[in-house]
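Have a look at the structure below, then the notes.
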Amino acid sequence: MATDYEAVIGLEVHVELKTKSKIFCSCPTTFGGESNTHVCPGCLGLPGVLPVLNRKVVEYAIKAGLALNCEIAEFTKFDRKNYHYPDLPKNYQLSQFDLPICQQGYLEIEINDNQKKIGINRIHMEEDAGKLVHQGDNIARAEYSLVDCNRSSVPLLEIVSEPDMRSAEEARVYLEKLKAILEYLDISDCKMEEGSLRCDANVSIRPRGQRTLGTKTEIKNMNSFRSLQRAVEYEIERQIDAKEAGEPIVQETRGWDEVTGVTLSMRSKEEADDYRYFPEPDLPPLRIDRAWVEELQQQQPELPAARKERFIQDYGLPNYDAEILTNSRALADFYEASCSLYPNPKVVSNWVMGELLHLLNAENLEITQSRVTPERLAEMLQLIDKGTISGKLAKTVLEEMFKTGQPPQAIVQAKGLVQITDESALTIVVDQVLEANPKVVEDYRKGKGKALGFLVGQVMKQTRGQASPEVVNRLLKTRL
Amino acid sequence: MIISHEQVETMAFLNQIELSAEEKEQYTAQLNVILKYARILEQLDTSQVAPMIHVLPLYNVWREDEVGVGLDREQALQNAPESEEGYFKVPRIL
Ligand SMILES: [Zn+2]
């Protein structure tokens, strides 16, 4: 009998904060820009320069902590994490070790209508490293490397979960929810492709029922939600196979390879991780004023969970719709804007969650990049109500709006998509269809209800989908 | 001996410093003298003393989130032993 294993997964998430200036110097954090143009003696690690903390970073860290139900430290400090790598000019990273700003929180996720609390172990503030460009195909074959310090000292929050997730799907859903919360707080761009949201996964397995943890591996290089799920799925399988084959699982860092769909050993953990943390002497510690925390709590925006509740209450949406719509702040904004223009929340939800998301996903676009605006969507829905177009034609119109950004009326006119409701015109088509399908007509008369659907379909086909389904149905029934 | 030869070797490795056999000998001895001195301090009863995080009684030294002027690229790279196309150039990593 094969052993039944369970996976134990924890995530370490790094988010770049949306401050104007860096965490310890006043260089801009703007993304892009020519290499080494957003730098100063501070973030280049030149000798003798003192760091000065950006207050906004502390504010954002507290906001994140409050949103994730954390305890906000009364006393917190920075520490030096010592390691040598060319993207780190000072040879140490300013981070937080034993007294992080936030601890012991949780985040609630929902999978198949079940709620689950995922613990947040800690949130700490730190600085980002620079960027390396390797000359050659990859780091191993590179003759030399180039360093750009524009990202050096950009503020980061590291959000460390408890090992509370039990499947790759839970890990993905956790990350999606975390991203949503950070977006609502408006403290990070959260773009995985650009690296403003990065995720490492700690994965281990153990026989179900066992309490002690198995040896874990740390998985890196996942740059989308999908690759996180795939990488964790792969790693769980790999560990189970190793266990079953009697091979040891080594504590190590493994990189996810998107193309081949496997994780590969990067380096063994024991020799590399000895960071010799010590308190940063150049930065005085922080006392976090309770009144400030209270003030920030008051200013917290509506978060995904509250907005979802409101969508269920105010718009009468099912749990499922409300969950998806509120999981992205931009999508929820789009939905609400559409509802204010076309006050039928369920119809709007059907179109947004169905056709529109489908079109966006197919092109891998965000709602913010959609050429279909709430105004256009509402105009299109009004055309359906007026009977100008059928629901079926509306799909074509929406696709066209999505492609070209044109208003629905213009598309309807240009493409001649106006619904045909003229009975005399349709009667001709109906008669043709009946004549061409005597067998189906017979079936219908014998009581086969389905036959009617086929005949309607034929009429729609003849009219390139422009016939009014209601009129066609009525005409067919009277003739049969 | 408070600090061993091996520990000194580990420290050198972590800090990417190459030490000759004599240097290892020399630094191990010197570090032991320093640490022996620290052992004297360790004899004091500090159970009633709060850990000192920072030597100055300062808290919350911070600045507002404002962008300032940094270095231009030529200035930034002028002390680099090698640079290329606006980047610092460093030897192969692996
Ligand atoms: Zn700087």
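Here is the naming used below: chain letters follow the sequence lines, and residue numbers restart at 1 for every chain. Keep in mind that the numbers below use all heavy atoms, side chains included, and drop hydrogens, waters and symmetry copies. Quick caveat, the model's predicted, so the values are computed rather than measured.
Chosen from B:Asp72, B:Thr10, B:Ile53, the residue pairing most often with chain A at heavy-atom distances under 4.5 Å is B:Ile53. Interface remark: of the candidates B:Gly70, B:Ala80, B:Pro91, B:Gly86, B:Gly86 forms the most heavy-atom pairs closer than 4.5 Å to chain A. Taking A:Arg276, A:Lys22, A:Glu34, A:Lys56 one by one and counting their heavy-atom pairs under 4.5 Å with chain B, the maximum is reached by A:Arg276. Contact tally against chain B (heavy-atom pairs below 4.5 Å) for A:Leu53, A:Val57, A:Thr19: the top residue is A:Leu53.
Smallest separation of non-hydrogen atoms from B:Ala76 and A:Asn36: CB-O, 4.3 Å.
The number of heavy-atom neighbours closer than 6.0 Å to CD of B:Gln78, taken from other residues, nucleotides and ligands shown, is above 12. Surrounding CD of B:Glu18 are at most 12 heavy atoms belonging to other residues, nucleotides or ligands under 6.0 Å away.
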**OP:** Could you walk me through whether B:Tyr87 and A:Val147 pass side-chain contact (heavy atoms from CB on, under 4.5 Å), step by step?
**Re:** CA-CA 5 Å; B:Tyr87 290 86; A:Val147 189; 5.8 Å; no
**OP:** Walk me through it: do B:Phe88 and A:Leu44 pass the test side-chain contact (heavy atoms from CB on, under 4.5 Å)?
**Re:** CA-CA 11 Å; B:Phe88 294 93; A:Leu44 287 174; 3.8 Å; yes
Original post:
Going through the checks in order, is the side-chain contact (heavy atoms from CB on, under 4.5 Å) test met by B:His54 and A:Lys77?
Top reply: CA-CA 9 Å; B:His54 200 264; A:Lys77 68 172 169 85; over 6 Å; no
**OP:** Could you give me the CA-CA distance, side-chain angles and deciding distance for A:Ser145 and B:Lys89, then say whether side-chain contact (heavy atoms from CB on, under 4.5 Å) is met?
**Re:** CA-CA 6 Å; A:Ser145 296; B:Lys89 188 173 172 183; over 6 Å; no
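Contact annotation: the side chain of B:Glu82 never approaches that of A:Tyr144 to less than 4.5 Å [non-hydrogen atoms, C-beta and beyond]. Inter-residue side-chain proximity for B:Val67 and A:Ser26 is flagged as unmet; no heavy-atom pair is nearer than 4.5 Å. In this structure, the side chains of A:Ser35 and B:Glu85 stay at 4.5 Å or more apart for every pair of heavy atoms.
Judged by distance alone, the side chain of B:Asp65 and the main-chain N or O of A:Ser21 form a donor-acceptor pair under 3.5 Å. Remark: the backbone N or O of A:Arg55 is not paired with any side-chain donor or acceptor of B:Arg63 at under 3.5 angstrom.
The contact between A:Lys20 and chain B is made by backbone and side chain atoms together, counting heavy-atom distances below 4.5 Å. Interface residue A:Val58: only side-chain heavy atoms are found under 4.5 Å from chain B. Heavy-atom distances place both the backbone and the side chain of B:Asn15 under 4.5 Å from chain A. Neither the backbone nor the side chain of B:Gln75 comes within less than 4.5 Å of any heavy atom of chain A. If you measure heavy-atom distances from B:Glu66 to chain A, the contacts under 4.5 Å come from the backbone alone. In this structure, chain B has a heavy atom under 4.5 Å from the side chain of A:Phe75, while its backbone stays farther away. For A:Cys149, the part lying under 4.5 angstrom from a heavy atom of chain B is the side chain only. Contact annotation for A:Pro41: both backbone and side-chain heavy atoms come within less than 4.5 Å of a heavy atom of chain B.
Contacts with chain B (heavy atom to heavy atom, under 4.5 Å) involve these residues of residues 279-289 of chain A, listed by number: A:Pro279, A:Glu280, A:Pro281, A:Leu283, A:Pro284, A:Pro285, A:Leu286, A:Arg287.
For the atom pair OH of A:Tyr83 and CD of B:Gln16, the computed distance is 12.0 Å after rounding to the nearest 0.5 Å. Atom-to-atom distance recorded for A:Asp274:CG and B:Phe13:CZ is 10.0 Å, nearest 0.5 angstrom.
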